[in-house]
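Below: the structure, in structure tokens.
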Protein chains: 2
Amino acid sequence: MTDHNDNFEQDGDLLALESQLCFALYATQLSMSKLYRRLLKQLELTYPQYLVMQVLWQKDHLTVSSIGERLSLDSATLTPLLKRLESAELVRRQRTREDERQVEVSLTDRGSALREKARTLPAEVERASGCSTSEMKALRDQLNALKQNLDRI
Amino acid sequence: MTDHNDNFEQDGDLLALESQLCFALYATQLSMSKLYRRLLKQLELTYPQYLVMQVLWQKDHLTVSSIGERLSLDSATLTPLLKRLESAELVRRQRTREDERQVEVSLTDRGSALREKARTLPAEVERASGCSTSEMKALRDQLNALKQNLDRI
DNA sequence: GGCCATTAAATCGCGCACTATATAAGTTAC
DNA sequence: GTAACTTATATAGTGCGCGATTTAATGGCC
């Protein structure tokens, strides 16, 4: 609480920051990350690691770049992350025989099994977000549309 | 481009990731960051640094924690960031006389002047986002509502 | 005064996210 | 077949963002 002497300015300029979509996006994403950090603690995963696991649960045996396309992340981010997942024995990484440049990432048994522990997560997040399912869908679609606009530049 | 052999799976599971609001939020925020990185390059600022500058342009002479409240960031993030702004000679940092625990952050002339260079930025972002102003406002309000829900836990 | 709890910043360590660059495997052109 | 180009991953360095701890100043409370 900043107690005094900055209330009379809140109508003019202070709102300038709060009026910005970009800041709302930034700050909301941080709040969402914090929620996930709490929920993912028991799985010993970070949110980006959880995203990679979700990708692999949907389709196993993907190359690094294929995971990268799905998440809009590149090898500089993914390689160390995947190494951490590997040392947690959730995935394996091996060069493909057909093309030795590529690295195929596959789930271990532990990695596959973790999916069951993660099943309750979406419901918990939805509860915490406090929006109706339709509101969440609408928001999601608007965000995806915005992202598409931002990416076409 | 992943060319073949994973198109027939896109209806079932692949959409699970894309169906999630959280991922949309995450990915859109990354895209927005990329846009800002490009636009802020000429100002030699990162997006979080730009946020701090906006806060100070709105109200100068704030303590670290007061900036932190406005941006939902703590001293572990802000102290090094502010030191970078200081060494770029955009802000000054000095302990307040009344309470030596506090550090007051103030704009230098250079820091104030930078505001003029930043004036064109919001319009450029708005153009890139490709949404109407009313759409952006609606989206912003929904995000703020979501953030508020996420924070009350 | 002296002790204790509280508060404000700073520090440490880790994990992204990204730019730029490197390495190495594959492909093309000649 | 080899030089030139392209592609897939990895590495190096920077800057957040945060949990956990530390340091130092302040405010009671006796």
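In what follows, chains carry the letters A, B, and so on, assigned in the order in which the sequence lines appear, proteins first and then strands, with residues in each chain numbered from 1. Small disclaimer: the values here were computed from a predicted structure and weren't measured.
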Problem - A/W57 side chain to A/L114 backbone, donor-acceptor under 3.5 Å - result: no

Handout entry: Which residues share a side chain to side chain contact (heavy atoms under 4.5 Å, CB included) with B/E100, sequence neighbours left out
Key = B/R95

Handout entry: B/L45 side, atom CG; B/K117 side, atom NZ - distance, nearest 0.5 Å
Key = 10.0 Å

Practice task
Check whether any side-chain heavy atom of B/L71 sits under 4.5 Å from a side-chain heavy atom of A/L17, and report yes or no.
Solution key: yes

Practice task
Return the set of residues passing ring pair (Phe, Tyr, Trp, His ring centres under 6.0 Å) with A/F23 (not counting sequence neighbours), or none when no residue passes.
Solution key: none

Practice task
Would you mind reading off the distance between A/Q49 atom CD and C/dC14 atom P, rounded to a whole angstrom?
Solution key: 14 Å

What N/O pairs connect the protein and nucleotides 23-26 of chain C at under 3.5 Å? Give each pair on its own line.
{"unit_1": "C/dG26", "atom_1": "OP1", "unit_2": "A/E100", "atom_2": "N", "d": "2.8"}

Practice task
Could you list the residues that satisfy side chain to side chain contact (heavy atoms under 4.5 Å, CB included) with A/T133, not counting sequence neighbours?
Solution key: A/E126

Practice task
Grab the CD-C1' distance between B/E86 and C/dA10 for me, whole Å please.
Solution key: 14 Å

Exercise for the section: Could you name each residue pair satisfying side chain to side chain donor-acceptor pair (under 3.5 Å) that touches residues 39-51 of chain A, not counting sequence neighbours? Expected result: none

Handout entry: B/V103 and its side chain to side chain contact (heavy atoms under 4.5 Å, CB included) partner, picked from B/I67, B/V64, B/L62, B/T79
Key = B/V64

Practice task
Verify the neighbour count for atom CD of B/E89: are there more than 12 heavy atoms of other residues, nucleotides or ligands below 6.0 Å?
Solution key: no

Practice task
May I have all residue pairs that pass side chain to side chain donor-acceptor pair (under 3.5 Å) and include part of residues 22-40 of chain B, sequence neighbours excluded?
Solution key: A/K147-B/S31, A/D151-B/S31, B/Q29-B/S33

Handout entry: Phosphate OP1/OP2 of C/dA9: any B/S65 side-chain N/O under 4.0 Å
Key = yes

Problem - Any residue meeting side chain to side chain contact (heavy atoms under 4.5 Å, CB included) with B/A24, in chain and number order, not counting sequence neighbours - result: A/R140, A/L143, A/N144

Handout entry: Proximity to DNA chain C (any heavy atom under 4.0 Å), residues of residues 33-48 of chain A only
Key = A/T46, A/P48

Handout entry: Proximity to DNA chain C (any heavy atom under 4.0 Å), residues of residues 71-84 of chain B only
Key = B/S75, B/A76, B/T79, B/K83

Fill in the blank from the handout: Sorted by chain and residue number, the side chain to side chain contact (heavy atoms under 4.5 Å, CB included) partners of A/T96 (sequence neighbours excluded) come out as A/E98, A/D99, A/Q102, A/E104

Fill in the blank from the handout: For A/R119, the side chain to side chain donor-acceptor pair (under 3.5 Å) test, sequence neighbours excluded, returns A/E116

Fill in the blank from the handout: Students should find that the nucleotides of DNA chain D closing off the region near chain B, any atom under 4.0 angstrom from a heavy atom, are D/dG15 to D/dT26

